[in-house]
Amino acid sequence: MKIICVGRNYPAHIEELENQRPKEPVLFIKPDTSILQKKQAFYLPHFTQEAHYEVEVMVKIDRIGKHIAPNFASKYYSQIGLGIDFTARSLQSELKAKGLPWEKAKAFDGSALVGEWFSKTQFSDINALSFRLDKNGTTVQQGNTAQMLWKINELIAYCSQFFTLKIGDLIFTGTPAGVGPVAEGDHLVGFLENREAFSLKVK
Ligand code: ZN
């Protein structure tokens, strides 16, 4: 399986990293070895001085598809969840400055925290889901899927133009503003519409 991640999908986050607003979705892929299950701890990688959290809504693909039309995209997933796209930010900034690929900073082991899955039927509107990340009891990121530049169904359709979507593939749909560093001992808890999706320690 693969994890397709979307970059720069929330205007306020684009501004905080001083990036340009893209004309099309920015995509990158994490391999299956990047998955961190929700019961595991996140270990700070040795190759960066600054590891950042990015809380993101995720969808799990449960039907194979290519060139999916946006109005059929909702048939390709039935579960939705919340995860973290951990990022070695200082390394990513170096790579970006050199115009090099981001994989070392984005796709390393343990960089994709996959939280709890919820049936999408539990939510009345997928395009108005609130979510947040608390660090040590304080809310550090808060978002709503209504703020996305490209909505979930548009992302599925867009991704499927380049990559065949297979059963079990995940899509991380981008992070809202408020990304920041983690330190040893931090406790991160994520909520999707007030349902706890994960709770993990940084080691
Ligand atoms: Zn991200």
Side-chain angles (χ1 to χ4, degrees), residues 1-31 34 50 52-61 63-77 80-108 111-112 120 123 125-133 140-166 169-180 192:
M1 59 81 68
K2 58 187 172 294
I3 303 172
I4 303 173
C5 299
V6 180
R8 304 182 195 172
N9 201 25
Y10 287 83
H13 171 63
I14 294 170
E15 284 165 25
E16 75 180 343
L17 290 190
E18 297 178 350
N19 283 319
Q20 300 275 11
R21 190 183 280 224
K23 293 198 175 64
E24 290 184 45
V26 173
L27 303 180
F28 58 94
I29 287 184
K30 295 185 190 242
S34 66
E50 200 183 18
H52 273 193
Y53 51 77
E54 293 189 356
V55 72
E56 310 199 1
V57 170
M58 322 173 290
V59 294
K60 189 192 280 184
I61 299 297
R63 198 172 147 182
I64 192 162
K66 177 137 181 98
H67 296 303
I68 298 164
N71 52 333
F72 286 110
S74 66
K75 298 185 187 305
Y76 288 79
Y77 67 101
I80 193 153
L82 196 69
I84 296 182
D85 164 22
F86 280 110
T87 304
R89 188 73 71 202
S90 46
L91 179 56
Q92 188 200 21
S93 302
E94 269 175 50
L95 295 168
K96 275 165 75 175
K98 292 179 188 162
L100 293 170
W102 301 351
E103 272 79 358
K104 286 189 283 185
K106 281 284 198 184
F108 56 88
S111 63
K120 71 176 178 188
F123 306 106
D125 186 359
I126 294 297
N127 293 322
L129 288 177
S130 64
F131 58 99
R132 70 173 210 267
L133 177 69
V140 287
Q141 279 193 284
Q142 224 165 0
N144 192 296
T145 54
Q147 302 158 340
M148 289 177 163
L149 291 179
W150 290 279
K151 303 289 187 272
I152 290 172
N153 290 345
E154 293 172 299
L155 292 172
I156 289 173
Y158 185 81
C159 291
S160 76
Q161 294 182 42
F162 301 90
F163 314 113
T164 298
L165 300 182
K166 296 178 77 177
D169 285 352
L170 308 183
I171 300 179
F172 275 56
T173 58
T175 196
V179 300
L192 181 61

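Starting from 1, each residue takes its place in the sequence as its number.
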- prompt: Should Lys151 and Thr145 count as side-chain neighbours, where that means a heavy-atom distance under 4.5 Å?
  reply: no
Residues Gln142 and Ser130: side-chain donor-acceptor under 3.5 angstrom: no
- request: Please determine, by modelled atom types, if Glu24 and Tyr158 share a side-chain donor-acceptor pair under 3.5 angstrom.
  value: yes
statement: One should read off an interatomic distance between Phe172 CZ and Ser34 OG, to the nearest 0.5 angstrom, of 7.5 Å
- line: d(His52 NE2, Ser90 OG) to nearest 0.5 Å is 8.0 Å
- prompt: Do any pairs count as a ring pair (Phe, Tyr, Trp, His ring centres under 6.0 Å) and have a residue in residues 5-30, sequence neighbours left out, and if so which ones?
  reply: Phe28-Trp102
task: Report yes or no: does Glu18 contribute a side-chain atom to a donor-acceptor pair with the main-chain N or O of Glu15 at less than 3.5 Å?
output: no
- prompt: Is it true that atom NZ of Lys75 has more than 12 heavy atoms of other residues, nucleotides or ligands lying nearer than 6.0 Å?
  reply: no
task: Return the minimal non-hydrogen interatomic distance between Thr173 and Asn9, and the atom names on each side.
output: O-ND2, 3.1 Å
Heavy-atom check, side chain of Trp150 versus side chain of Pro22, under 4.5 Å: yes
Value rounded to 0.5 Å, distance of CE in Met148 from CG in Leu129: 8.0 Å
task: Could you tell me which non-hydrogen atom of Ile68 sits nearest to which non-hydrogen atom of Ala157, and how far apart they are?
output: O-CB, 3.2 Å
- request: Check the side chains of Ser160 and Lys66 for a donor-acceptor pair under 3.5 angstrom, ignoring hydrogens and angles.
  value: no
field: Trace of the side chain to side chain contact (heavy atoms under 4.5 Å, CB included) decision for Met58 with Leu82
entry: CA-CA 5 Å; Met58 322 173 290; Leu82 196 69; 5.5 Å; no
- prompt: Does the side chain of Arg132 reach to within under 4.5 Å of the side chain of Val140, using non-hydrogen atoms?
  reply: no
query: Do Ile84 and Glu56 have side chains that get closer than 4.5 Å, going by heavy atoms?
result: no
message: For a 4.5 angstrom cut-off between non-hydrogen side-chain atoms, does Leu91 reach Lys104?
response: yes
query: When rounded to the nearest 0.5 angstrom, what is the spacing between CG in Leu165 and SG in Cys159?
result: 6.5 Å
query: Side chain of Asn127, backbone of Ala146: donor and acceptor closer than 3.5 Å?
result: no
- prompt: Between Lys120 and Ile126, is any pair of side-chain heavy atoms under 4.5 Å apart?
  reply: yes
- request: Could you pull out the closest heavy-atom pair between Pro101 and Leu95, with the gap in Å?
  value: O-CD1, 3.4 Å
query: Which residues pass the side chain to side chain contact (heavy atoms under 4.5 Å, CB included) test with Ala12, sequence neighbours left out?
result: Ala177
- prompt: Okay, side chain of Asp169, backbone of Met1: is any donor-acceptor separation there less than 3.5 Å?
  reply: no
- prompt: Are any non-hydrogen side-chain atoms of Gln20 and Ile14 less than 4.5 angstrom apart?
  reply: no
- line: One should read off an interatomic distance between Arg8 CZ and Leu27 CG, to the nearest 0.5 angstrom, of 12.0 Å
- request: Mark yes or no for whether Lys30, through its side chain, and Lys106, through its backbone, hold a donor-acceptor pair below 3.5 Å.
  value: yes
task: Using the side chain to side chain contact (heavy atoms under 4.5 Å, CB included) rule, take Val57 and Ile80 through it: C-alpha gap first, then chi angles, then the decisive distance, then the call.
output: CA-CA 7 Å; Val57 170; Ile80 193 153; 3.9 Å; yes
task: Decide, yes or no, whether a salt bridge links Glu54 with Arg89 under the criterion of side-chain N to carboxylate O below 4.0 Å.
output: yes
Audit row: Phe72, Tyr76, ring-ring contact (aromatic ring centres under 6.0 Å, His included) steps and yes/no: CA-CA 8 Å; Phe72 286 110; Tyr76 288 79; 8.3 Å; no
- prompt: Closest heavy-atom contact between Val55 and Thr175?
  reply: O-OG1, 2.9 Å
Distance, nearest 0.5 Å, that separates CD1 of Ile61 from CG of Leu170: 8.5 Å
field: Side-chain heavy atoms of Tyr77 within contact of Asn153, under 4.5 Å
entry: yes
